[in-house]
Amino acid sequence: MDAASRERLLQDVEAFCREIRPIDELCYVEHRFNDQVLPLARKYNLLGIPVPVEYGGRGADAVTYAQALARIGQEGTGVRTFFSGHTSIGEAPIMYWGTPEQKRRFLPAACRGEIILAFGLTEPEAGSNPLEMQMTYQRRGDRFILNGVKYLISNGGIADVIVTFAKGPNGRISAFLVETGKPGFVKEDLLAKCGMPTSNTAMFELTDYEVPVENLLGEEGNGFRIAMHTLITGRLSVAAGCLGVIVDCLNEAVAYAKERRQHGKEIARHQLVQEHIAGIEMDRVTTEALVMKAAAVKDASDAEPSNAQLKQQAEILAAQAKLHASNAAWDAADRAVQVFGGRGWSTLYRPGRHLVDVRVCRIYEGTDEILKLKVAAAVLGKEFEAYR
Ligand SMILES: Cc1cc2nc3c(=O)[nH]c(=O)nc-3n(C[C@H](O)[C@H](O)[C@H](O)COP(=O)(O)OP(=O)(O)OC[C@H]3O[C@@H](n4cnc5c(N)ncnc54)[C@H](O)[C@@H]3O)c2cc1C
């Protein structure tokens, strides 16, 4: 991506963020879905940031996309999660694994916001281990017939196309582009969430659901590989979003600490408050360094797809960045809440909302525990993998 296009993109992201902030704050306080994210993202042409220009996107490299998501992350994990669902785990697998025809059919429409995408891997009985999935498919003529339930899917209730994984008669997993809304598709929004009230999370059930053969994504039986590869872009997006949360917590904590007075002076002059500011700043610098390194290695790997070592590095760095960033963001939000005192423990202020929302980043796209096992296996060697 050239410097001018990059600058234009980041300006558009900035304008989007400024416009979405008051709307999302109101939706949050009223505890309702923010239906303005899509039209505003459409207005600023942000619905396909890393998608190649020939398919209607902005053609951003991974580093630029991470910067964009870090800025969007400042607006809240709910707003950023929409982009992760639609782009990082929705458009990305089509970009990497789709046929030219599938790319032409789905990507430009997704970039224009005419269709919303989601990624359906998790099931009620298969979370950390997707190989235990129970959704099945069978080939019948020129169709695949899918049956089963997907659970906890970001954008699942608003998506027109869901990248859906199912197990075939031979036990191998395949990926499908499921166009929602036909008979046999039933969805339900999940509303009893601890946070992110402004974003959509849903479950859906497929009953004898017909998917035409041309909607098979990648080769039959290659679904698990597609899912794991997609988690690289997904984890990077979560990590970048968490960086944004940390930056917003820092801005909020600094501004409040300089303004709020107790014991005759601004609380920013109390050394124990400064310890929180230093802690958030350390969260910020370490997270920024790791996220940007992971994104740069992802760019290098994309430029040299046959280099297996680089691909492996990109995968482990994305996992490390996500593991570190989500814990650092949780720490930063917790410290910002503390700096705000009683007001911190309120959804009327940004730190409290960040705290509640960012907690999910230690769960989705690979829990803390699963990512730690992945990091340990990368250090110890594959023969020490604690799970398969
Ligand atoms: C808001 C939200 C949005 C989401 N969006 C999506 C989405 O868009 N698409 C999608 O497919 N999924 C999505 N998910 C699902 C998410 O990825 C899963 O919740 C996550 O992978 C964990 O699976 P689980 O909830 O079944 O927990 P489980 O796998 O049941 O894990 C429970 C606990 O056991 C631990 N555990 C499990 N196995 C091991 C092991 N071998 N060693 C050590 N500890 C272990 C876990 O780390 C965790 O602490 C979303 C979840 C949430 C909450």
Side-chain angles (χ1 to χ4, degrees), residues 33-34 76-93 116-135 148-167 173 175-176 178 180 187-206 217 223-224 226-239 241-242 245 318-319 322-323 326-327 330 353 356-377 384-388:
F33 173 67
N34 183 350
T77 301
V79 177
R80 194 270 307 151
T81 294
F82 167 80
F83 289 89
S84 293
H86 179 70
T87 297
S88 307
I89 53 178
E91 291 169 332
I116 298 303
L117 304 184
F119 175 87
L121 181 64
T122 303
E123 298 184 3
E125 304 305 329
S128 295
N129 185 7
L131 290 171
E132 286 169 349
M133 74 172 58
Q134 295 173 5
M135 181 171 277
V149 177
K150 294 290 174 184
Y151 181 52
L152 289 167
I153 307 305
S154 303
N155 297 346
I158 55 171
D160 304 284
V161 178
I162 306 180
V163 180
T164 302
F165 298 85
K167 219 177 237 179
I173 293 169
F176 302 91
V178 167
T180 62
K187 63 182 177 180
E188 189 177 334
D189 288 345
L190 301 171
L191 301 173
K193 299 184 287 187
C194 286
M196 295 207 304
T198 68
S199 80
N200 178 269
T201 317
M203 61 187 291
F204 65 90
E205 179 164 16
L206 302 179
L217 182 66
F224 188 66
I226 295 173
M228 293 304 109
H229 183 263
T230 303
L231 288 179
I232 301 178
T233 44
R235 285 172 182 162
L236 260 180
S237 78
V238 176
C242 287
V245 169
K322 194 270 196 187
L323 176 61
S326 55
N327 281 275
W330 171 246
R353 297 199 292 267
V356 173
D357 292 358
V358 86
R359 184 62 180 82
V360 78
C361 296
R362 292 178 52 200
I363 297 169
Y364 64 17
E365 307 259 359
T367 61
D368 277 1
E369 291 78 10
I370 293 299
L371 296 182
K372 282 177 187 168
L373 296 178
K374 199 173 170 58
V375 172
F384 285 92
E385 260 180 3
Y387 72 96
R388 278 173 195 275

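Start at 1 and go down the list; that is how both ligands and their atoms are numbered. Given the structure is predicted, the values throughout are model-derived calculations rather than measurements.
The contact set between ligand 1 and E365, taken as ligand atoms under 4.0 Å from a residue heavy atom, comprises 17 (O). Of all atoms in ligand 1, numbered sequentially from 1 with element shown, those under 4.0 Å from a heavy atom of L373 are 42 (N). Against a heavy-atom cut-off of under 4.0 Å, M196 is close to the following atoms of ligand 1: 1 (C). Remark: ligand 1 atoms within the under-4.0 Å shell around heavy atoms of I153 are 7 (C), 8 (O), 9 (N), 10 (C), 11 (O). Atoms of ligand 1 found under 4.0 Å from any heavy atom of I363 (numbered from 1 in listed order, with element): 19 (O), 20 (C).
In this structure a side-chain-to-backbone donor-acceptor pair under 3.5 Å is present from T233 to S88. Using a distance-only test at 3.5 Å, with no hydrogens or angles considered, no donor-acceptor pair links the side chain of K150 to the main chain of I162. Here the side chain of K167 pairs a donor or acceptor atom with the backbone of L131 at under 3.5 angstrom. Put simply, the side chain of R235 gets close to the backbone of E365: a donor and an acceptor are under 3.5 Å apart.
Scanning the protein heavy atoms around atom 53 (C) of ligand 1, the nearest turns out to be V360 CG2, 3.5 Å. At the shortest separation from atom 39 (C) of ligand 1 among protein heavy atoms lies I370 CD1, 3.8 Å. Scanning the protein for heavy atoms near atom 23 (O) of ligand 1, the closest one is G127 CA, 3.3 Å.
Taking the ring centroids of F165 and F119, they lie under the 6.0 Å cut-off.
No hydrogens or angles considered: a donor-acceptor pair under 3.5 Å links the side chains of K193 and T201.
Closest non-hydrogen pair, D368 versus L323, comes out as OD1-CD1, 3.7 Å.
Distance remark: protein heavy atom present below 4.0 angstrom from atom 13 (C) of ligand 1. Contact annotation for atom 30 (O) of ligand 1: protein absent (non-hydrogen atoms, distance under 4.0 Å). At least one protein heavy atom sits closer than 4.0 Å to atom 2 (C) of ligand 1. Per-atom contact check: atom 34 (O) of ligand 1 does not touch the protein, criterion being a heavy-atom distance below 4.0 Å.
Interatomic distance, F384 CZ to L373 CG, rounded to the nearest 0.5 Å: 14.0 Å.
Of the candidates N129, L152, T367, the one placing a heavy atom closest to atom 6 (C) of ligand 1 is L152. Nearest residue to atom 5 (N) of ligand 1 from G120, S154, G85, A227 is S154 (criterion: closest heavy atom).
In terms of the side chain to side chain contact (heavy atoms under 4.5 Å, CB included) criterion, residue partners of L117 (sequence neighbours excluded) are, by chain and number, H86, E91, I94, A110, I115, V161. Legend: residues meeting side chain to side chain contact (heavy atoms under 4.5 Å, CB included) with S154, ordered by chain and number and at least two apart, are T81.
Between S128 and ligand 1, at least one N/O pair is under 3.5 Å apart. In terms of polar-atom proximity, F119 is counted as a contact of ligand 1, with an N or O under 3.5 Å from an N or O of the ligand. Close N/O approach between E369 and ligand 1 is found [any backbone or side-chain N/O within under 3.5 Å]. Geometrically, ligand 1 and T122 share a nitrogen or oxygen pair separated by less than 3.5 Å.
Considering only heavy atoms from C-beta on, V149 comes within 4.5 Å of P124 through its side chain.
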